[in-house]
Amino acid sequence: KAAAEIIGLDTAALEAEAQAEGKPVEYPASLKVVADHARSCSFLIADGVNPSNEGRGYVLRRIIRRAVRHGNKLGATGSFFHKMLKPLIEVMGEAYPELAAQQARIEAQLLKEEEQFAKTLEQGLKLLEGELAQLKGSVIPGEVVFKLYDTYGFPTDLTADIARERDLTIDEAGFETEMAAQRQRARDAGKFAIDYNSVVKVEGETQFEGYDATAGQGQIIAIYKDGEQVDEVVEGDEALIVLNQTPFYAESGGQIGDTGIFKNDTGIFEVQDTKKSGGAFVHQGIVTMGNLRVTQNVEATVKADIRAATARNHSATHLLHAALRQILGEHVQQKGSLVASDILRFDFANDQPVTFEQLQEIERLVNAEVIANSAVSTELLDIESAKAKGAMMLFGEKYGDEVRVLSMGSIIEEKNFSIELCGGIHVKRTGDIGLFKITSEGGVAAGVRRIEAVTGTKAIETAQKSDRDINTINGLLKAQKDQTLEKVEALVDTASSLSKQIEQLNQKLASLQAAELLDQVQEIAGRKTLITTVQNMDAKTLRNLHDGVKSKLENAVIVLAGVEGDKVSLIASVAKDFTASIKAGDIIKHLATELGGKGGGKPDLAQGGAPLNEKFDQVIAALPAWLEQ
């Protein structure tokens with residue numbers, strides 16, 4: 001009923017009709033779709049899922065768009081779907097308080113997606129209408145359906161719905177053929193990546209011994225070379241080696257795999273990466289000396305300095321996650337991460353960019369935990385005990401009956417600053433991180449932001465580079481350290497003032513040049529026409545010159561080319577009396593195409609640009625003949 005009222009249906013009439021017939025109120029099927037989808041979408045967003053073009057985010061986007069489509073079929077206009085949250089909270093808010101707690105964010109996400117879909121719908125419908133106007137028969141070709149889907153994000157089921165409404169069908173087989181070709185292109189793009197699961201076939205699991213050690217003994221239980229299992233590799237061979245036990249961490253949870261060496265009396269193997277294949281740890285690398293055979297024992301040694309740097313970044317990532325939730329809100333959830341020895345990267349759900357002030361507060365929080373130098377603890381718990389402890393669990397992840405819980409940071413309300421499930425390598429105490437410094441923040445997808453940061457010596461290097469830059473700037477400005485901002489502000493004000501003066505002078509110069517150019521007007525195809533080239537003129541100044549010419553030359557075709565350095569700026573205008581036979585956009589497209597550039601515009605005014613090349617004079621000289629035709 002709430003959905004009907006929001007969409008604008010006459011619920012009183014439906015109820016009166018049902019009462020007269022002695023039957024329960026029967027709402028339209030599309031209304032039930034809208035209500036059901038409002039419920040599912042709201043819960044998904046509350047759980048940290050954001051609309052996107054992949055994974056669960058794409059499922060959410062499809063559900064929202066289907067609901068909006070059904071609402072439109074019922075007569076809904078404008079944005080309506082986000083308004084469904086309020087009645088949902090009234091009904092289910094007591095049982096699910098997170099709906100009310102995140103009401104503003106959920107509504108904002110739904111509204112943003114509705115508005116985006118409106119644009120997608122408009123673009124897609126224009127293309128579809130154009131295709132339908134040329135359609136012969138009753139089947140929409142598969143390549144058209146794919147183009148709508150791939151280029152405009154137009155859901156295939158939506159195209160099918162529209163087709164059914166017009167007694168048409170879609171070529172599903174043709175669409176699947178196009179999709180298969182796209183998948184193959186994607187596979188070809190990644191064909192150089194090693195698929196360890198298809199190569200390595202080992203029974204049993206590798207025992208990981210690396211939480212407390214960077215060196216240890218292991219027995220070679222399998223060797224692979226060129227995709228085939230072998231008994232021996234010799235100097236120069238690239239290979240994959242599996243040990244029964246290893247101190248090498250295999251890439252997992254965003255943390256990169258360890259590097260180092262294996263060696264024994266017969267040979268040395270340089271480990272360049274470590275990954276998992278089922279329960280086996282696969283060490284990828286090259287034999288640098290001698291030979292290695294299956295069943296031999298080796299001394300496995302991880303590069304300890306790289307391991308330590310990676311551990312610092314991994315622990316800092318956990319502290320960063322906790323700080324983000326404190327500063328931005330509990331809707332923040334991890335969407336991906338990379339933990340290497342030189343950098344950490346953390347992707348998280350958030351609708352808005354993180355402000356500079358928020359980034360500084362996040363840095364302050366993390367470094368406060370670093371300075372506190374509290375112990376980092378790990379424990380193995382059953383999943384229910386981990387939940388009771390308050391461990392952060394990632395939406396969509398699968399966890400076994402027993403999990404590794406990592407706790408770090410100061411105690412707040414009987415809980416550590418950060419509690420997460422993690423199987424990675426970490427520092428012993430938060431102080432081992434040394435220093436935490438954010439280097440960048442930006443968007444990577446709809447509703448997903450990315451922070452990159454450094455720790456330890458890398459953080460010190462970053463801070464020192466900033467100091468060097470400021471020192472260099474002070475030298476150029478002849479300023480003391482505490483005068484940097486004042487001097488830069490003064491310089492910016494001066495530059496702005498000079499820029500305005502230059503623009504005014506350019507306008508005056510353009511006006512003078514405009515009067516001189518009138519002598520070059522000729523008649524082409526019965527139209528007054530000016531075609532000319534001006535040197536040392538950028539696009540903005542060329543536009544001023546054009547406006548000056550146009551004010552003095554009525555009912556004419558004007559084509560100006562401005563040359564500056566190795567670039568050409570183009571502008572053309574056509575009097576409205578002539579646009580039926582010649583369009584400014586066509587003139588610019590012709591010139592840009594001939595010169596290897598691009599451009600276009602409206603029938604009466606268009607602009608473009610191109611690189612300056614040897615064809616330029618010839619193309620401009622040939623333009624009168626082209627206009628004559």
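Between Glu114 and Gly78, the shortest heavy-atom distance links the atoms OE2-O, 4.4 Å. Nearest heavy atoms, Ile425 versus Gln255: N-OE1, 3.0 Å. Closest heavy-atom contact between Pro51 and Gln109: CD-OE1, 3.6 Å. What you find for Pro247 and Asp258 is that their closest heavy atoms are O-OD2, 3.8 Å. Nearest heavy atom pair, residue Gly409 against residue Asn416, reads O-ND2, 3.0 Å. Of all non-hydrogen atoms in Ile89 and Leu99, the two that sit nearest each other are CD1-O, 3.7 Å.
Side-chain contact between Cys422 and His318 is present, with at least one heavy-atom pair separated by less than 4.5 Å. A 4.5 Å side-chain heavy-atom check between Leu60 and Ile45 finds at least one atom pair inside the cut-off. A heavy-atom distance below 4.5 Å is found between the side chains of Ile327 and Leu365. Side-chain atoms of Leu380 and Val403, non-hydrogen and from C-beta on, never get closer than 4.5 Å to each other. Side-chain atoms of Leu319 and Ile433, non-hydrogen and from C-beta on, do get closer than 4.5 Å to each other. With contacts defined as side-chain heavy-atom distances shorter than 4.5 Å, the pair Ile451/Leu320 qualifies. Counting heavy atoms from C-beta outward, Leu243 and His283 have side chains that approach closer than 4.5 Å.
Side-chain contact annotation: Ser315 with His426, donor-acceptor N/O pair under 3.5 Å present. In the model, Asp469 has no side-chain atom that pairs as donor or acceptor with a side-chain atom of Ser466 under 3.5 Å. No side-chain donor from either of Gln207 and Asn244 sits under 3.5 Å from a side-chain acceptor of the other. For the residue pair Thr455/Asn313, the side-chain donor-acceptor check at 3.5 Å is satisfied.
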Exercise for the section: Evaluate ring-ring contact (aromatic ring centres under 6.0 Å, His included) for His321 paired with Phe348, printing each intermediate quantity in order. Expected result: CA-CA 8 Å; His321 193 184; Phe348 58 97; 8.6 Å; no
Practice task
Report the C-alpha separation of Asp382 and Lys387 in whole Å, then their side-chain angles, then the decisive distance to 0.1 Å, and conclude whether the salt bridge (Lys or Arg N to Asp or Glu O under 4.0 Å) test is met.
Solution key: CA-CA 9 Å; Asp382 61 77; Lys387 288 179 181 178; over 6 Å; no
Practice task
Quick one: do Val354 and Glu361 satisfy side-chain contact (heavy atoms from CB on, under 4.5 Å)? Show the steps, please.
Solution key: CA-CA 11 Å; Val354 186; Glu361 182 61 16; over 6 Å; no
Handout entry: CA sep, side-chain torsions, deciding dist, call: Ser410, Glu369, side-chain hydrogen bond (donor to acceptor under 3.5 Å, both in side chains)
Key = CA-CA 7 Å; Ser410 54; Glu369 294 300 330; 2.7 Å; yes
Problem - Derivation of the salt bridge (Lys or Arg N to Asp or Glu O under 4.0 Å) call for Asp36 and Arg39 - result: CA-CA 5 Å; Asp36 176 75; Arg39 194 162 50 240; 3.2 Å; yes
Exercise for the section: Check the pair Phe281 / Phe248 against ring-ring contact (aromatic ring centres under 6.0 Å, His included), numbers first and verdict last. Expected result: CA-CA 8 Å; Phe281 283 35; Phe248 283 73; 9.8 Å; no
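Under a cutoff of 6.0 Å and an axis angle of 45°, Arg404 and Tyr211 form a cation-pi pair.
Of the charged side-chain nitrogens involved, none lies within less than 4.0 Å of a carboxylate oxygen, so that Lys458 and Asp342 do not count as a salt-bridged pair. A salt bridge links Glu251 with Lys275: at least one charged nitrogen is closer than 4.0 Å to a carboxylate oxygen. The pair Lys147-Glu178 fails the salt-bridge criterion, with no side-chain N (NZ, NE, NH1 or NH2) lying under 4.0 Å from an Asp/Glu carboxylate O. Between Glu107 and Lys83 there is no salt bridge, since no side-chain nitrogen of the basic residue lies less than 4.0 Å from a carboxylate oxygen of the acidic one.
Residues meeting the side chain to side chain donor-acceptor pair (under 3.5 Å) test with Asn471, sequence neighbours left out: none. Judged as a salt bridge (Lys or Arg N to Asp or Glu O under 4.0 Å), and not counting sequence neighbours, the contacts of Arg449 are Glu441.
With hydrogens and angles ignored, the 3.5 Å screen pairs no side-chain donor or acceptor of Gln245 with any backbone N or O of Thr206.
Residue Gln272 places its CD atom among more than 12 non-hydrogen atoms of other residues, nucleotides or ligands, all under 6.0 Å distant. Other residues, nucleotides and ligands contribute at most 12 non-hydrogen atoms within 6.0 Å of the NZ atom of Lys86. Atom CD of Glu172 has 12 or fewer heavy atoms from other residues, nucleotides or ligands within 6.0 Å.
Checked against the 6.0 Å centroid threshold, Tyr96 and Phe43 count as a close aromatic pair.
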